[in-house]
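Indexing begins at 1, ligand by ligand and atom by atom, following the structure's order. Counting begins at 1 with the first residue of the sequence. Note that the structure is predicted; figures quoted are calculated from it, not measured.
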Amino acid sequence: MILHDKGLYYQGIDLWMDSKRIKPSCYISHAHADHTAKHKRIICTPETAALTCHRLGNLGVNRVGYDQWVASNGARFKLFPAGHILGSSQILIETDHIRLVYTGDFRLGHSRTCLPAGIEQCDILVMETTYGAPQYLFPRREETEREFAAFVLEAINNRRKPIVMAYTLGKAQEAIAILASFGIDVTVERDIYRIAKIYERFGIKLGKYSMFNGGPFEGALIIPPHMKNFKNIAAINNKVLIFLSGWGIDGGAWNFHGIDRAFLISDHCDYESLVKYVEQVNPKRIFTLHGFEGFAQELRSLGYDAVTMKPGKEYNLSESIRPS
Ligand SMILES: [Zn+2]
């Protein structure tokens, strides 16, 4: 039995996963706030432990490295890379009867700041489907990175002040690595800076960057999106506001928020990658989470046995596997 209730609960091995309510013990797929709570004990990669404790204070931690099997209540599990942010993992749970993968947030393809997502074949796949609608197709990452850097450089050459808005954990560090690799001076807001230092502690090379002191800066400034309207940012003359997001694809709407340009740099899969991932994992049954209900329908039209998980509902896993 698996329950979807502000997180996932796998009854067979008494394991909570990404619970948003405080639990005695919980597996955390990655350190983004919508996947964590102040649990008594967290089970996660060493990188996720460092990032989570940085944000939430000290918690009890069971650190589990990638691809290391852990015995648990008559079953075993291992964590493997999710390609989303530093330390992000998927979990593979093996019982006598079932192999189950829960993806957490994940992304296929190259990233400058974390390992690419792994693929494990399984019977039951519980997957995140944030961009699970056909209009969400991202261009090649390398091209977008080049366009982003060229846009920033042009702004600097025109004596304008490029301000890049990127989420504090994950996207901002990716933005540092991209811009620094094009030789652009990078200044970053304090929280982004502190998290970047944790990335470097785990061996991620971001290039050169410095912390924003509230005054004048050279090159590009990276801030979290909510700081856009802060007085010292609003007061910067001649600025160009740039937003990095998968939602950039909805295009024109950004103009209304005073944003000059959005680039499609996402730490999630686009629609095509979600389908490609399912093809490679080849599960007998799929449960979809966090996204468009229509994605499960799309998968059914491709011949998969797929349902959208509803909050508060339990799903019987042994009954759900169709005879092969
Ligand atoms: Zn996330």
Side-chain angles (χ1 to χ4, degrees), residues 4 6-8 16-21 26-39 42-56 59 64 66 79-91 101-118 125-133 136 138 141 165-178 191-192 194-196 198-199 202 204 222 224-226 243-249 263-271 273-274 277 287-292 295 309 311:
H4 174 33
K6 294 197 182 297
L8 291 173
W16 275 99
M17 297 180 272
D18 283 349
S19 174
K20 285 172 229 162
R21 290 204 193 97
C26 184
Y27 158 67
I28 292 182
S29 64
H30 66 289
H32 277 151
D34 56 336
H35 290 253
T36 55
K38 284 190 167 182
H39 306 296
I42 54 175
I43 303 161
C44 57
T45 63
E47 295 88 342
T48 296
L51 292 164
T52 303
C53 291
H54 169 75
R55 302 190 111 187
L56 298 181
L59 306 170
V64 180
Y66 289 129
L79 311 185
F80 61 105
H84 177 58
I85 61 169
L86 178 69
S88 60
S89 65
Q90 309 177 65
I91 184 169
V101 167
Y102 164 55
T103 62
D105 289 351
F106 74 108
R107 176 176 169 269
L108 302 185
H110 168 76
S111 152
R112 291 174 183 263
T113 54
C114 65
L115 293 172
L125 174 64
V126 183
M127 68 185 297
E128 167 271 317
T129 59
T130 301
Y131 293 107
Y136 292 106
F138 304 156
R141 181 65 157 253
M165 295 181 291
Y167 292 110
T168 307
L169 167 56
K171 197 76 66 68
Q173 289 70 34
E174 193 75 13
I176 295 172
I178 296 168
D191 282 346
I192 293 174
R194 288 179 175 163
I195 289 175
I198 298 176
Y199 269 57
F202 284 97
I204 305 297
I222 304 178
H226 71 270
F243 191 44
L244 304 185
S245 171
W247 303 112
I249 208 148
F263 288 94
L264 282 169
I265 291 182
S266 176
D267 42 25
H268 291 268
C269 283
D270 69 355
Y271 173 79
S273 314
L274 287 171
Y277 176 84
F287 294 101
T288 67
L289 274 175
H290 311 139
F292 295 87
F295 188 65
M309 285 189 123

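The Zn ion (ligand 1) has an N, O or S atom of D105 closer than 2.8 Å. Here H35 fails the criterion, with no N, O or S atom under 2.8 Å of the Zn ion (ligand 1). Residue side and main chain included, H268 places no N/O/S atom under 2.8 Å of the Zn ion (ligand 1).
The nearest N/O/S atom of H32 to the Zn ion (ligand 1) is ND1.
In this structure, NE2 of H84 and NE2 of H30 enclose an angle of 100° at the Zn ion (ligand 1), rounded to 10°.
In this model, a donor atom of one side chain and an acceptor atom of the other lie less than 3.5 Å apart for E174 and T113. In the model, D18 has a side-chain atom that pairs as donor or acceptor with a side-chain atom of Y102 under 3.5 Å. Using modelled atom types, one finds a donor on one side chain and an acceptor on the other under 3.5 Å when comparing Y27 with S89.
A donor-acceptor pair under 3.5 Å is absent between the side-chain atoms of K171 and the main chain of M165, judged by distance alone.
Using a 30° and 60° split on the angle between ring planes, H35 and H30 fall in the tilted class, from 30° to 60°.
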